[in-house]
Amino acid sequence: MGTSDKQSSLVQGTLDMLILRTLALEPMHGYGIGMRLEQISKGVFQVNAGSLFPAFRRLERDGLVKAEWRATENNRRAKYYALTAQGRAKLARATRDWEAQTAAIARIMRASLGEV
Amino acid sequence: MRLLRRLISGVAALVHRRRVEQELNEELRAYLDEAVERKVETGLPREAALRAARVEMGSLEAVKDHTRDVGWESRIESLGQDARYACRGLRRSPGFTAVAVLTLALGIGANTAIFSVVNGLLLRALPVAAPEQLVVLSTRSSIEQGFPAGWTYPMWDEIRTRTNAFDGAVAWSVFPERFDLAQGGESQPADGLFVSGNFFEELGVRSLIGRTFTANEDGLGSPRSRVAVISYGFWQRHFGGAPDVVGRTLPVNRVPVAIVGVTPPEFLGPEVGRAFEIAPPIGSAPVVLSDNRWGQPEGFSYLAVMLRLKPGQSIESATGLLRGMHRQIIEASMGPRELWGPHQDVWLKDPFVLAPAATGTSELRRQYSQSIVTVLTIAALVLFIACANIANLLQARATTRQREISTRLAVGAPRWRIVQQVLVESLVLSVIGAAVGLLLAVWGSRALVAQLSTWFDRVVLDVSLDWRVMAYTSTAAVVTAVVFGTATAVRSSRIAPGAAAQGGAVGQGFAGTGGVHVRGTLVAAQVALSLVLLVAAGLFIRTFERLAAVPLGFDSDRILVVRMNASRAVIASGNRPDSYQRLADAVAAMPGVTHAAASLNTPVNRGVTMVADFSVPGGPAVSPRDQRVIVQYVTPSWFETYGVAVREGRVINGGDTGRTTPVVVANEAFVRRFFPGGRAVGSFVTDALAIPDQKDMPKTVIGVVGDAVDQSLRAEPFPALYLPLAQLMQHPAAGAGFMSVPEVSLSVRAATGSPAQLARSVAATLTSFDRNLTFSFQSLAEQVDAARHQERLVAWLSGFFGALALLMAAIGLYGVTSYAVAHRRTEIGIRIALGAQRRDVIGLALRHTILMTAAGVVVGLAIAAAVTRYMEAMLFGITALDPVTFIAAPALLTLVAGVAALVPARRAAAVDPMIALRSD
């Protein structure tokens, strides 16, 4: 995912959802979130700082995550983000919507071979 | 909810800007450190890890920018940055800033000044309690004819008892407008009005010191009514703000009146434009004016009545209720029908009409509202023209910043940022101009109000800055900024990024043909608008000139008018006309005086004109409306005093007394209407007013004189009859009230020099004749001037703005031609080098300008022709398409345009081709 303005709205929404999902497991700092996304997607998604940091600020603004400064494993200070109750609710909603969307798309893609 | 949260965090971010920035920096650093650590763990050497991490992250500043942009507060910050940048830029080019700010200050200032007057005259509500509930009681005929409705005292008395129709009622006198504070001799005027006892209370006007009236102080003729409330202004001026003013007595028309209170400074009276100084209760009118008629049914209808509607009551329902009581009120106030038959009918046929009066009533408004709104429109158009000039200036300035802008675009600034910056700069310029303009306006509006006053009419108008004026000024500032900034802003955003870095091609964008087209259109629009304003100015100036050329029918320059009141003088009632004759003779015998005459009224004095209905027995039928003529009662030397031309027969002389045949002298207009083609002298005319039990008294026409102006300079000469003052006693109503002639005018003709010089000696003569005569002097020339005052003011203002518009258009043309010439310097240099003549070069340089000016003139004339018909009501003696104006205005404009364009054109022709070619 790049920093291009034109794609931002669609990409923004999905990225936010992915970050919320990542934080559902445990609170993390910025670099950690980016790493986790890359790991779990097996390298498909490489999110850089230019997309992550605006996303963090958005999520914080909307009250879906809260931040606190803590020490990392390497004993450095970093800003850790954690889901709020509102964030969990949003994640649940977003997951449902996403699953509905992908199921529908899958149906269409399958159907176009024989039924359309 | 989300919106609110965003709002709050945005504000928090703005307030804690530094901390937020610090946190972001820390977080980014931590991110980078973490990235480096992870890479080192995978075995990369630290140096390589650092580099890799940095590459991965991209530009630190870009990340910060994108993060900052998430919230709305970054927009606000960018506005703040742009404003600071704009201020710095303006400070760096003081010349441009000075010209732009000055132009805006003049334009916006003039607009604000005139709007302040419009506000004070038309929009501002009276400083009373709940003004929106107030309505003025009028009649249908008054509304149609545009005059204030007046009621007699008994009518007011009746109306105010009908409390089921309204919440409260107040009344005040529309005339007389002035009281005399002197004890005899020359009068010392003070503006005043009689008010009803509950006037101040009902309107919620609290006294500053002292009190307002109590219930028993408004009894008609009661000794308790010899009190008065004075205004704040009068308290300061006359009593120097003395704290013990309450209780002091003041001689009002030589009746001692006790002051009971002072009103606060913001209350000027119920009539906008007229300020009172002394306000006694209406009950005291018969005493102060020494005439019982002021309280009686057959007296004057001099009271204006204002009602306060019940909360929630509509005007329609109140009108309905009142109309239901109309008949009862009129009959109860006029007395027995046998006495007042025809007069009562007039009142009965004229239904009540209620008009909203939140802004008070106003004669000034009726007179001036159309003119002042026209002048405001003119000022707004001048402001537009000024904006066009500033737009051109801004464009020229933007040309020098193309490099900067294209560089900014190249390093990633979004285009809206550039547009925003130009607009913010325009706004900053506008705001500074508006602030300076506001200062000018405060002074200007007061000066304008002072100009509205004439020698007899002190105009007082509250033109202080209120929210409406501030809103108007702010809107003007924003609109002008948008108008002159948009063109530049849009063009700036079209610059190709990095184009400037290539050099040489800087000529595009602003300086290209596109730029010239925009400029050309702007200047053509300026020319068109200026022409419209010049035409308007020309029409107003010609109107004033035509008005000044109206033949008066008498010599105004030599005449001093003395308005005398003999109500307390020793002269006995029955002998008054004879005494006035002797007085006139005494004054005529003075050195320096050629003639003197007495009359009930004088021309052009804004006073009451006596009219009567006359007919010619056995003559051609004349409709009842046409039977109305002006009636003047004069002493014999009146015609010589005024220099009125005698056309036929003779004028009134000493032989026409109360005991000889009744005679009249007719003017030419009378003869035209009543004796068309026939012989007037020797015929009879009769007074058509049929008062029961009175016989018609036919009068003989003994002579015909030339037409003379009565009150209005604009009206056609009205039929008039001159009757001997000595024969006034023969009139059926003589001896009653005002026909007993307590007030008369003396007209004195000076032999040489200014008539004002005679004032002292005439005063002495009058005082020696009878010490209890009171009088005031009025110069007839000043009265005539005052009759033209409004037209003069409008001509002056429109001429001023027209000249201003012309100046700005000239500057615009000069600028555009200069620019076009500079732009084509290379080409001109080549042409000259190849042998072109000076003439050809000038022609070349001028061609574009001539085209624009011609286009502007054509469009301007078309607009002017379409628009001037709305001004027709204000014009006099000329049509809306007056050929003189429509030829002179474009001629003047073309001349000025030619001169403005010629200067840079000639400079172009003087270019040294070698310099021009090398400078590229």
Side-chain angles (χ1 to χ4, degrees), chain A residues 1-9 11-12 15-16 19 28-39 43 45-81 84 86-87 89-90 93, chain B residues 1-14 16 19-42 46 49 52-74 412-417:
Chain A
M1 296 181 201
T3 55
S4 157
D5 288 347
K6 296 208 175 50
Q7 300 170 332
S8 60
S9 51
V11 169
Q12 263 184 25
L15 178 58
D16 288 358
I19 294 175
M28 275 189 246
H29 57 71
Y31 191 74
I33 296 174
M35 285 243 65
R36 181 65 62 88
L37 280 173
E38 194 180 327
Q39 277 169 9
F45 289 146
Q46 284 164 337
V47 199
N48 61 14
S51 304
L52 279 177
F53 277 86
F56 294 155
R57 183 163 284 199
R58 261 198 313 277
L59 292 170
E60 208 180 344
R61 277 284 164 90
D62 290 344
L64 304 177
V65 303
K66 62 178 185 296
E68 88 184 311
W69 284 88
R70 270 204 258 153
T72 64
E73 306 89 37
N74 304 333
N75 248 327
R76 285 197 167 78
R77 258 175 63 88
K79 202 171 179 189
Y80 275 74
Y81 293 98
T84 60
Q86 228 179 322
K90 179 82 196 295
R93 263 199 320 272
Chain B
M1 194 52 214
R2 200 166 55 166
L3 206 61
L4 187 64
R5 187 190 288 272
R6 284 202 183 148
L7 194 69
I8 295 175
S9 42
V11 170
L14 271 176
H16 297 128
R19 184 161 57 98
V20 167
E21 193 69 12
Q22 249 174 1
E23 255 196 41
L24 186 60
N25 274 331
E26 261 196 75
E27 193 182 349
L28 281 166
R29 203 169 331 129
Y31 183 94
L32 199 63
D33 287 346
E34 191 67 33
V36 168
E37 280 307 316
R38 299 286 177 100
K39 290 198 190 328
V40 163
E41 272 166 24
T42 62
R46 190 155 280 270
R54 284 231 179 90
V55 163
E56 210 176 66
M57 186 147 119
S59 150
L60 192 66
E61 284 309 318
V63 173
K64 281 207 255 184
D65 266 349
H66 281 116
T67 315
R68 269 190 234 120
D69 279 348
V70 166
W72 55 266
E73 73 276 7
S74 60
R415 281 184 196 270
W416 64 259
R417 200 58 212 274

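Every chain is numbered from 1, with letters handed out A, B, ... down the list of sequences.
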Apply salt bridge (Lys or Arg N to Asp or Glu O under 4.0 Å) to the pair A:R57 and B:E23, showing each step before the final yes or no. CA-CA 12 Å; A:R57 183 163 284 199; B:E23 255 196 41; over 6 Å; no

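If you tally non-hydrogen atom pairs under 4.5 Å between each of B:E37, B:M57, B:E56, B:K64 and chain A, the highest count goes to B:E37. In terms of heavy-atom pairs under 4.5 Å with chain B, the best-connected choice from A:G63, A:A78, A:G34 is A:G63. Highest contact tally toward chain A, considering only B:G10, B:A30, B:A35, is held by B:A35 [criterion: heavy-atom pairs under 4.5 Å].
For the pair B:Y31 and A:K79, the minimum side-chain heavy-atom distance is 4.5 Å or more. Here the side chains of B:R38 and A:M35 are in contact, with some heavy-atom distance below 4.5 Å. Two residues are said to be in side-chain contact when any heavy atoms from C-beta on lie closer than 4.5 Å; B:L24 and A:F53 meet this criterion.
Between A:R77 and B:E26 there is a salt bridge, since a side-chain N of the basic residue sits under 4.0 Å from a carboxylate O of the acidic one.
No more than 12 heavy atoms of other residues, nucleotides or ligands sit less than 6.0 Å from atom NZ of A:K90. Counting non-hydrogen atoms of other residues, nucleotides and ligands closer than 6.0 Å to CG of B:L3 gives a total of 12 or fewer. Under a cut-off of 6.0 angstrom, the local environment of CZ in A:R76 is crowded, with over 12 non-hydrogen atoms contributed by other residues, nucleotides or ligands.
A search for side chain to side chain contact (heavy atoms under 4.5 Å, CB included) contacts involving B:S59 returns B:E61, B:A62, not counting sequence neighbours. Scanning for ring-ring contact (aromatic ring centres under 6.0 Å, His included) contacts around A:Y81 gives A:F56, with sequence neighbours left out.
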